[in-house]
Structures are given as C-alpha cells and as structure tokens.
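Atoms within each ligand, like the ligands themselves, are counted from 1 in listed order. What you see is a predicted model; the values in this text were computed from it and never measured.
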Amino acid sequence: MAPHAGAYTRAELTDLVACAEARGIVIVPEIDLPGHTTAALAAYPELGNTDVSGPHGVSCVWGVHDTFLNLDPATLGFCEDVLAETLAIFPSPWIHIGGDECPTTEWERSAAARARCRAFGIDGVERTQAFVTTRLTDWLRARGRRAVVWDEAADDDLARDVIVMAWRHRRFGLGAAARGHDVVMTPCDATYFDWYQSDAAGEPPAQPGVTTLATAYGYAPRPAEAPREVRERIIGAQGALWGEYLPTTERLDDMAFPHLSALAERAWREQPTTYADFTHRARVQLERLAVLGIRGRTLPGA
Ligand code: ACM
C-alpha cells in the first residue's frame, strides 16, 4: 500500500478557490462529521470517546472506522470552529458536512456518550448522528450557508433545506427528493469513477466494482419515469474520484476521462444520443484534452 499524506495550507486553499472562481467553478468543501474523523482524534485525543477507546494514531488503512467524536459540548464547539475556518476560506453557498458511514457502536459502548445523549434529550443513541447533523446544519443556516449531507443522514427529520447527495443507491436520492430535498445524484454503481473501468485482466488497481464507460453514459441522473416534482428536485450529479487508488495525476486522468464527459452530457442534456454517437465524440474530446496535457483512457478501436 502506498503512503498517503498531505495537507493544504490556508493560502493554498485560497489560491485554489480563486483559480476555480476565475473559471466559473464553485468549490464545495466537505468536512465529514461525525464519522471519518480519525485524523482529528489522532491530533486531538480529547475529542474521542476516551472511556472506551484511544488514544488513536493516524490511521494507516482506509474504510469505515468505528471510532468517533464524543458528544461533549466542547467537541461540538470544535466542529463549529473547523466549519468557521472553512467558511472563511470557501465562499460557497453550500457546505458539505458528510454524515456517511457513521456506525453508532462506540456511542453505545460509551457510558459518557450515553449520559450526554440523555442530557441533550436525544431519544436513543441511534438518534445521535441526526442530533449532530441538525446542530451543524442550523449553525450553517445561521451564517447564510446551506448544508449538504450524504444520504445516510437524510432521515425524515432532516430539515428540508438541506441538500442530499445520494451515493449508496439512486433510490435514496429519489426518496429524499420526494420528501422535499434538493438532491445531487452520485450513485456509486454509475458515477464512482475510482471503480475498475472493466473486468479485463491488466486493469490498474481500483476500488472493487466496475463502472464501464457505457454504464456512466447510460445513467440518467433525472430519470424520465420519476414524477415531475421529484425530477425538478434533482439539481445535479457528481462523479466521484476518491483518491485511495489514484496516487498520481496520470492515474487520475486515466480514470476521470472520458467517464466524466459521459456524466456531464447526461447531467446537462435531457435527451441522450446513442452510446455509439457519444464514443465518436468522446474520441475527439480525448484529443482536445491531450492538447491540454490530460491523458484520458483510450477508447477501444482507437
Ligand atoms: C462515500 O463514498 N462514503 C460517500
């Protein structure tokens, strides 16, 4: 496994925001809370459920961990401080606060967490994530920003102004839209471009799962068969390129293009053309990208 490391300075992020803005792009930052927080626990052990786990080192494996932030008021204050730093750098009207892959196991085991739940009036440990999400979405709303969350956090009680990103399955996005949320579709089986591109031998290492170019082009973020009010709440789509298996820019380009072109066309164009027509145009697009120094995946027969 290749070591993964790195951090951005505030100045680098500010430059990135400006660079994107000059190109008409808004960067939506994600601070994943309350799960996926092992790095914070390694740096600030007091944020953890110290009665049942820790101290934690920097994780050397990726995936879902069952170590989480504790529920002390100071820890929630820490989350708000991190978000305040984020708002100071990113002018985006939308701020993603994660909410995915957060088992409640550690809060169940921790007497301190259970006591906090009772003190906060949280109705059972399983409602803890919703409590944290609500607190942070309210905090963002009070500062004029709109929260975005992953679909696990989209339960019935989620405030309707929160945008939901459906990643586990498209049905979660359709359900959230039916309940009145604006939704960004990013179902992993069609829009996770860090999955293998084919099942052929010799594909470079990737996340288990296959997203072929035809699958990416075949995916309609706003399905024609959905009711009109649901379709209208699907405000966009995302292609995901998580970096675990993409250690170099070359690997990233190879996985991103032309899959991203396929998704962009389906997200922006109501009526798709045929896949054959798309691949014909994608070959030309790959040539344009090559002029810019971006080497996408060569299409078969090229
Ligand atoms: C995700 O891939 N856990 C959003």
Side-chain angles (χ1 to χ4, degrees), residues 1 4 6 26-41 58-69 79 82-83 86 90 92 94-107 126 128-130 132-133 136-137 140 146-155 158 162-177 179 181-197 205-212 215-216 219 221 234-247 251-252 255-256 259-260 262-263 267:
M1 186 185 301
H4 284 53
V26 176
I27 297 182
V28 178
E30 178 190 355
I31 306 292
D32 204 345
L33 296 164
H36 283 297
T37 40
T38 311
L41 297 183
V58 173
S59 179
C60 292
V61 289
W62 56 68
V64 181
H65 298 320
D66 67 350
T67 47
F68 292 101
L69 299 179
C79 298
V82 171
L83 287 175
T86 308
F90 294 92
S92 165
W94 313 283
I95 304 291
H96 202 315
I97 54 167
D100 60 324
E101 299 182 319
C102 184
T104 53
T105 40
E106 196 174 71
W107 292 324
E126 65 286 354
T128 305
Q129 178 171 352
V132 175
T133 303
L136 298 177
T137 55
L140 286 169
R146 221 171 140 190
V148 184
V149 298
W150 295 115
D151 59 56
E152 289 101 314
D155 63 10
L158 185 68
V162 177
I163 298 171
V164 174
M165 290 191 59
W167 78 276
R168 287 178 301 167
H169 195 276
R170 52 199 82 181
R171 72 174 179 277
F172 295 114
L174 297 172
R179 290 196 301 281
H181 293 282
D182 285 345
V183 166
V184 174
M185 287 296 218
T186 179
C188 58
D189 63 343
T191 71
Y192 270 33
F193 302 151
D194 56 341
W195 288 22
Y196 285 94
Q197 295 203 8
Q207 287 285 7
V210 177
T211 308
T212 65
T215 304
Y219 173 59
I234 298 172
I235 58 172
Q238 170 174 291
L241 267 178
W242 309 110
E244 291 96 332
Y245 285 95
L246 307 177
R251 278 292 291 133
L252 190 138
M255 296 299 260
H259 274 58
L260 204 49
L263 176 63

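- Here the options are R170, R171, R168, the test is salt bridge (charged side-chain N to carboxylate O under 4.0 Å, His left out), and the partner is D151; only R168 passes.
- Of all atoms in ligand 1, listed by their number and element, those nearer than 4.0 Å to a heavy atom of W150 are 4 (C).
- Ring geometry, W150 versus H96: the interplanar angle falls from 30° to 60°, so the pair is classed tilted.
- Aromatic rings from Y245 and W62 are positioned such that their centres are separated by under 6.0 Å.
- Judged by distance alone, the side chain of T212 and the main-chain N or O of T215 form a donor-acceptor pair under 3.5 Å.
- In terms of protein heavy atoms, atom 2 (O) of ligand 1 is closest to Y192 OH, 2.7 Å.
- Side chain to side chain, T211 and H259 fail the donor-acceptor criterion of an N or O pair below 3.5 Å.
- Only the side chain of E101 comes within contact range of ligand 1, with a heavy atom under 4.0 Å; no backbone atom does.
- At a 3.5 angstrom cut-off on N or O pairs, D100 counts as close to ligand 1.
- On a distance-only criterion, W167 and ligand 1 share no N/O pair closer than 3.5 Å.
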